[in-house]
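Protein chains get the first letters and strands the later ones, always in sequence-line order, with residue 1 at the start of each.
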Protein chains: 2
Amino acid sequence: MIDIKHLKTIATLKDTGSLVNTARELFLTQSALSHQIKDLENKLDCQLFERKTQPVRFTPQGMLLLELANEVLPKVEATKCRLKESLNQPISQLRLSVECHACFHWLLPTIKEFNNFWPDIKIDYERGFSYDAIPDLLSDELDLVLTSDIREPDKLEYAHLFDFKLKLIVAPDHELAKKAYVTALDLKNETIISYPIPRERQDIFKHFIQNARFDGTLKNVDQGLLIFQLVSAGMGVAALPDWLVTPYESQGLIKSIPLGALGLTRPMYLAMKKDMKDNPVYRHFLNTCKLNNGR
Amino acid sequence: MIDIKHLKTIATLKDTGSLVNTARELFLTQSALSHQIKDLENKLDCQLFERKTQPVRFTPQGMLLLELANEVLPKVEATKCRLKESLNQPISQLRLSVECHACFHWLLPTIKEFNNFWPDIKIDYERGFSYDAIPDLLSDELDLVLTSDIREPDKLEYAHLFDFKLKLIVAPDHELAKKAYVTALDLKNETIISYPIPRERQDIFKHFIQNARFDGTLKNVDQGLLIFQLVSAGMGVAALPDWLVTPYESQGLIKSIPLGALGLTRPMYLAMKKDMKDNPVYRHFLNTCKLNNGR
DNA sequence: AACTAAACATGAACTAAACTCATAACCAAC
DNA sequence: GTTGGTTATGAGTTTAGTTCATGTTTAGTT
């Protein structure tokens, strides 16, 4: 129905002011355009512009299309441009750092899929992770950082990958297991098991317990699977992203509970230098992540 | 080349995972799609996805197109929807208030053009103007406000119309006329002529002189043309938007000078209630303003 | 390794859409 | 009314898109 061709016509018509000029600009005959627009007007069942003035005067409907054209055409051009670029790419390495341990669950398959298309691009994610990777990104020692927190938004581009819910996991016979959701108070005396990350950088403290009193203990474990086993054995509770939790919960190994009445939703971003945001390889990595999110 | 049709195909392919399913979804034969995509791939000179997996696996190039589709298709649908709405509109009145006197210069022709298409919609701009119109917009006594300042951004939608430059105008033989630009200090002892608006709401004070010392006098005039005559006669200086200044300057009646080395650029917004931002009549008024800006 | 079912590819024939050409109609300015 | 510009229209042609019938590929099964 509406076509990119039509948007081009409308946009050019706005610039040139008449059908004849538009025809010349688009390498078509005036007749072709006259037919084209008449057909479009018939299909949309409305008039798009008045032809008896110079320049032509757009109707409200014409302006809506013009507005659409102004939004869409630049995007189409940008994509065409990226397509060309993507076919000959000098990049050979992506140095990636991950702030969220649980991400490896979907990240490894994602990287594998990505490497199918860019076998020459080596992804180096073998960095320690309990550190702040943003400075390394700024100083060009890293290319990409997977993170939930936005820092230095002026210097870096944060591409939103997806949102996830942080859930509390407890043993099925834990007293909290019956609750529809937990409050910060409920956690006051619990043992919280987590990856070895400083407390102030853990989502559950930073965004849930916050200033509430916490008298329980913190236990660090560097093995993801171990967390589930410890929780299942009733040795403590843990806060993990929903995508990690779901498979274990459906096995009945643990029970998951929302943090707060509304649950705690957190975003996941891919941070990169601002000038890299249009790079086709980066975009491909981004898109691959999005398609594989939370599985 | 790239067509909306193609974007639909790609988007559906992502959802359904195979050509056969996509064909069924789009009411086409599998063969048609196979041809369609082959043609597209030939034109773009790249492969868009691997067909030998289930679901199909997109190449970097395919993902770029998919990304484009996700951006563009919703906009196209929204426009189609607005087009339909625009053809039968119950609105019969637009109550408009204008915070910038100088806007009448382009606003009156704009309204005339607008009324060509919506003869039944009466625009009521006959309100006093040296007052803050935003509260009336919030309390539903107004529909639209033309303003340069954003207030209450949570409750109102501010559609950007255009940017303009505020210029200082002086008599051609005025001592400032030789300068490439003026500083706040240059104005210290000048007589500033303006519309009858309180000093703290005048752009030249709010955004240029600011806290700098001003020992000159303020003269109020409620007639636009009179300002030019007074300035031309050397009775004072004035700050006005570029679109008003240009015609008089080319006649040699006055001389205009940028405010500050970089000039003083100001935006112009059309403020409305948030739920009105998709209304086709409002959009048409907005678009008409944009097309007539600063003339 | 052979078989099967499901998915995709291909070529020829057909259809519908889009374009051109020639010409007519229209409008504004002189 | 004539002129110089514009847009509209109808018939004929070209091109792009579709279907049909059939061939090929692939993953999964025995």
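The phosphate of dA7(C) has neither OP1 nor OP2 within less than 4.0 Å of any side-chain N or O from Arg51(B). Side-chain nitrogen and oxygen atoms of Lys38(B) include at least one within less than 4.0 Å of the OP1 or OP2 phosphate oxygen of dT10(C). Close to dT7(D), at under 4.0 Å from its OP1 or OP2, lies no side-chain N or O of Lys52(A). OP1 or OP2 of dA8(D) sits under 4.0 Å from a side-chain N or O of Ser34(A).
Distance from the side chain of Leu19(B) is smallest for dA9(C) among the nucleotides dT7(D), dA9(C), dA7(C).
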Inset, instruction - Would you mind building the protein contact string for nucleotides 19-25 of chain C? One character per nucleotide, 5' to 3', B for base within reach (heavy atoms under 4.0 Å), S for sugar-phosphate only, - for untouched. - result: SBBB---
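Looking at Thr288(A) and Thr110(A), their side chains never bring a donor and an acceptor atom within 3.5 Å of each other. Using modelled atom types and a 3.5 Å distance limit, the side chains of Gln47(B) and Thr59(B) yield no donor-acceptor pair.
Two residues are said to be in side-chain contact when any heavy atoms from C-beta on lie closer than 4.5 Å; Phe285(B) and Asn279(B) fail this criterion.
What separates CD1 of Ile37(B) from C1' of dC8(C) is a distance of 10 Å, to the nearest Å. Distance Ile2(B) CD1 to dA16(D) P: 17 Å, rounded to the nearest Å. Whole-Å rounding puts the Leu26(B) CG to dG17(D) C1' distance at 14 Å. Taking atom CG of Asn42(A) as the reference point, atom C1' of dT9(D) lies 13 Å away to the nearest angstrom. Per the geometry, CZ belonging to Arg57(A) stands 18 Å off P belonging to dT6(D), to the nearest Å. Counting to the nearest Å, the C1' atom of dT7(D) and the CZ atom of Arg24(A) are 15 Å from each other. We find that CD of Glu50(B) is positioned 11 Å from P of dT26(D), with the value rounded to whole Å. Rounded to an integer number of Å, the gap from CD of Gln47(B) to P of dA9(C) is 9 Å.
His6(A) places a side-chain N or O within 3.5 Å of a backbone atom of Asp3(A) that can act as its donor or acceptor partner. Arg283(A) places a side-chain N or O within 3.5 Å of a backbone atom of Lys277(A) that can act as its donor or acceptor partner.
With DNA chain C read from its 5' end, the first of the two nearest nucleotides for Val20(B) and His6(A) is the one closest to Val20(B).
Checked against the 6.0 Å centroid threshold, Trp243(B) and Phe162(B) count as a close aromatic pair.
The strand DNA chain D forms stems, runs of 3 or more Watson-Crick or G-U wobble pairs with distances below 3.5 Å, at C:1-30 with D:1-30.
Phe228(B) and Tyr248(B) have parallel rings, their planes meeting at less than 30° on a 0 to 90° scale where 60° marks the start of perpendicular.
In this structure, Arg82(B) does not pair ionically with Glu85(B), as no charged nitrogen and carboxylate oxygen lie closer than 4.0 Å.
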Inset, instruction - Apply salt bridge (Lys or Arg N to Asp or Glu O under 4.0 Å) to Glu41(A) and Arg51(A), showing your working. - result: CA-CA 13 Å; Glu41(A) 286 182 330; Arg51(A) 297 109 212 263; 2.5 Å; yes
